[in-house]
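A note on names: the letters A, B, ... follow the listed sequences, proteins ahead of strands, and every chain is numbered from 1. The structure presented is a predicted model; accordingly, all values stated were derived computationally and were not measured. All values below were derived from every heavy atom in this structure, side-chain atoms included, with hydrogens, water molecules and symmetry-related copies excluded.
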Amino acid sequence: MNWTRRGVLAATVSVSLAGCLGDSDGIGPYEPEGGSEDVTVEPMTASPDETAVSETALPIADEQLPVSYPLETLRDAVVDGGVPQDGIPSIDDPAFEPVADVDDRFREDDPVFGVVREGEARAYPQSILVHHEIVNDEIGGESVAVTYCPLTGTAMGFERGGVEFGVSGNLVNSNLIMYDREGESMWPQMLGTAIEGPLEAASLREFPVHWNTWNDWRAAYPDSTVLTEDTGYVRDYGDDPYGMYNPVSGYYREDSDPIFEPLRSDDREPPKRMVLGARPPEGPLSIDLETLRDERLLEIEHEDATLLAVHDRSLDLGFLYRNPSEETFVLEEDRIVDENDDAYAPDDVPLERVYAYDAMWFAWTGFYPETTHFG
Amino acid sequence: MAESSTASGRWRRAVRRRIRDTSRAVGLAVGRFDALAITALVAVGYLAGYLWAANLLSVRSGLGVSVTVVDEPLVRMLERTGQLQFEPVALVDLWLVRLLVSPIDVLVGVVLAGLVGLNLALAYLALVQPRSCGIGAGAGAAASLPALLSGTACCAPVIVIALGVQVSGTVLTVLPWLLPLGVVLLLGSLVYVGGLVET
């Protein structure tokens with residue numbers, strides 16, 4: 001019904017749908033695409049208030065995450081998403097059921113967000129999170145926030161130290177701005193750094209939340225649990241107001257325009273193309289997920305660093321590792337094999353993992369316009 | 001000063017007369033079966049359209065029959081989900097129809113639907129017993145549109161999601177006023193068409 005509702009409303013005001021941006025120019029997988037080197041950024045220079053950091057219950061990262069704009073610029077770019085604070089209600093008392101107990105609630109390719117932490121595996125259906133965006137949960141006895149922004153396609157986890165997060169109703173670069181219910185600092189999800197409030201310029205501790213399909217998840221984690229529709233609210237969880245992922249339509253089509261003007265535009269990829277983005281100290285980088293899916297193993301020279309990007313076929317995920325000794329790895333079947341012929345699962349390569357998350361291209365390059373892109 | 005006062009008085013008398021004419025026309029509309037039937041039909045149709053556009057009503061197969069009610073509905077119904085939208089407190093499945101019951105949204109929808117229905121009924125009466133040859137149906141129909149486009153879903157206005165285009169800050173500023181604008185337009189249209197009906 002979604003596309004029908006949207007189509008009828010659109011026709012009502014007789015405005016045609018937006019045109020598409022150009023496709024990728026098809027530059028090879030191992031070389032960064034041009035353009036990013038020419039972008040100059042004015043990174044955040046602000047430091048968090050040490051007293052506020054010492055007094056908050058929120059776990060604050062030891063190192064600030066990189067932010068490519070002065071905070072004032074980001075604050076000026078905040079727009080009202082049309083909903084009041086908590087108008088999109090977070091799930092604060094989530095209920096779960098075993099994977100084995102799920103009947104026909106999902107189709108095989110329906111997206112779920114997977115978290116594996118402290119020996120516990122949990123799936124959060126996209127169909128539920130699109131209506132709530134934040135789940136204040138506890139996994140393995142640790143309080144965490146599992147968050148999803150439908151407009152930027154980003155699913156990210158944050159430690160919360162018992163403090164709840166809520167949806168502010170505002171957006172920057174189309175991205176969800178969370179607020180914490182302790183001091184009401186404003187945290188754009190993709191930045192993981194407060195742009196306003198007592199914890200301004202402080203960064204949260206992040207952890208990976210992966211896009212999976214229901215079929216892949218239940219095959220990989222048959223003993224895990226899944227978030228139920230018993231959220232404390234009534235919503236039409238079969239109805240995504242933006243479109244569909246299975247099959248892809250509406251807002252999620254990769255050549256469709258974002259609703260809100262990005263901080264910066266970059267037409268090296270279609271706007272909603274999914275990329276794996278990371279922000280190591282050498283500078284932000286992004287990898288086209290389709291390319292990674294095809295190549296499955298990429299050795300990446302990024303500034304002074306050597307990185308290894310690996311695709312996990314069983315869960316259709318990308319992992320990024322730091323490879324400082326430039327050790328050679330090869331792909332054999334679904335295993336990553338090192339120079340000693342030792343084989344590893346894609347998510348268990350004995351290298352330092354670099355935190356990375358999936359995002360729509362326009363959102364990633366809007367926040368990190370200087371990104372080095374491997375398309 | 002006297003001239004101004006006289007002009008002001010004339011204007012006030014004209015307004016009072018127009019309101020009286022409109023009240024009589026409304027009375028005629030609800031007193032005549034044909035006009036009342038038009039009011040009811042249009043109102044029910046508009047209410048369904050309003051709830052559908054606000055993501056509160058959908059049609060799909062295989063729903064069965066069930067009712068789910070949230071805890072503390074009287075508290076929950078007052079929580080805002082949009083500029084002038086409120087939390088649903090129940091989900092009702094009736095075979096092909098899924099309705100999220102948000103009492104305040106339904107109330108707003110009923111008021112709007114009533115105004116739209118009366119507009120169309122008065123336009124009908126203006127046609128069948130005209131004081132002049134003016135036809136007000138177009139004004140009433142046009143006035144019914146802004147409120148239909150005023151809904152918000154998740155983190156964007158419904159109409160913006162529907163159009164799939166980028167919006168400017170100016171447009172975002174205007175969108176919250178669509179519902180109040182719709183009410184004003186419907187009232188204005190009602191008064192205008194009411195004056196065309198021979199009572």
Side-chain angles (χ1 to χ4, degrees), chain A residues 1-13 15-19 79-89 130-133 149-151 167-171 174-177 229-243 250-251 253 256-262, chain B residues 49 52-60 62-63 67-73 76 79-93 98-102 144-146 148-169 171-173 175-176:
Chain A
M1 289 304 296
N2 281 322
W3 64 269
T4 306
R5 179 182 284 115
R6 284 198 306 277
V8 170
L9 286 171
T12 303
V13 288
V15 178
S16 60
L17 289 170
V79 297
D80 181 350
V83 292
Q85 180 170 294
D86 290 325
I88 298 170
V130 73
H131 291 278
H132 295 281
E133 304 194 356
C149 175
L151 295 183
V167 178
S168 71
N170 291 331
L171 307 164
S174 295
N175 187 226
L176 155 71
I177 299 181
E229 294 181 2
D230 181 16
T231 60
Y233 295 85
V234 286
R235 289 289 184 278
D236 187 358
Y237 290 116
D239 183 28
D240 183 330
Y242 302 108
Y251 179 86
R253 280 176 33 241
S256 65
D257 273 341
I259 292 172
F260 304 98
E261 191 178 353
Chain B
W52 179 72
N55 278 306
L56 295 172
L57 177 70
S58 59
V59 179
R60 73 181 65 153
L63 290 174
V67 177
T68 308
V69 181
V70 299
D71 293 336
E72 300 188 70
R76 184 57 55 78
E79 295 173 6
R80 284 172 63 220
T81 61
Q83 298 289 351
L84 285 167
Q85 284 182 288
F86 294 83
E87 271 289 342
V89 297
L91 185 146
V92 179
D93 281 344
R98 170 163 287 180
L99 179 64
L100 286 162
V101 182
S102 166
S144 72
L145 288 180
L148 271 184
L149 308 176
S150 67
T152 297
C154 290
C155 44
V158 166
I159 185 59
V160 174
I161 299 172
L163 294 175
V165 295
Q166 267 180 34
V167 289
S168 67
V171 172
L172 289 172
T173 312
L175 287 171

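A pairwise comparison of heavy atoms in A/Pro241 and B/Asn55 identifies CB-ND2, 4.2 Å as the closest pair. Of all heavy-atom pairs spanning B/Arg60 and A/Asp236, the tightest one is NH2-OD2, 2.7 Å. Summarising the geometry of B/Thr81 relative to A/Val83, their closest heavy-atom pair is O-CG1, 3.1 Å, with the distance given to 0.1 Å.
For chain A, the nearby part of B/Val89 is the backbone; its heavy atoms alone come within less than 4.5 Å. For B/Glu87, the part lying under 4.5 angstrom from a heavy atom of chain A is the side chain only. Interface remark: B/Pro88 contributes backbone and side-chain atoms alike to the contact with chain A (heavy atom separation under 4.5 Å). Both the backbone and the side chain of B/Leu91 come within less than 4.5 Å of a heavy atom in chain A. In this structure, chain A has a heavy atom under 4.5 Å from the side chain of B/Arg98, while its backbone stays farther away.
Inter-residue side-chain proximity for A/Glu229 and B/Thr68 is flagged as unmet; no heavy-atom pair is nearer than 4.5 Å.
More than 12 non-hydrogen atoms from other residues, nucleotides or ligands lie less than 6.0 angstrom from CD of B/Glu79.
Between chain A and the residues B/Ala90, B/Pro176, B/Ser102, the largest count of heavy-atom pairs under 4.5 Å involves B/Ala90.
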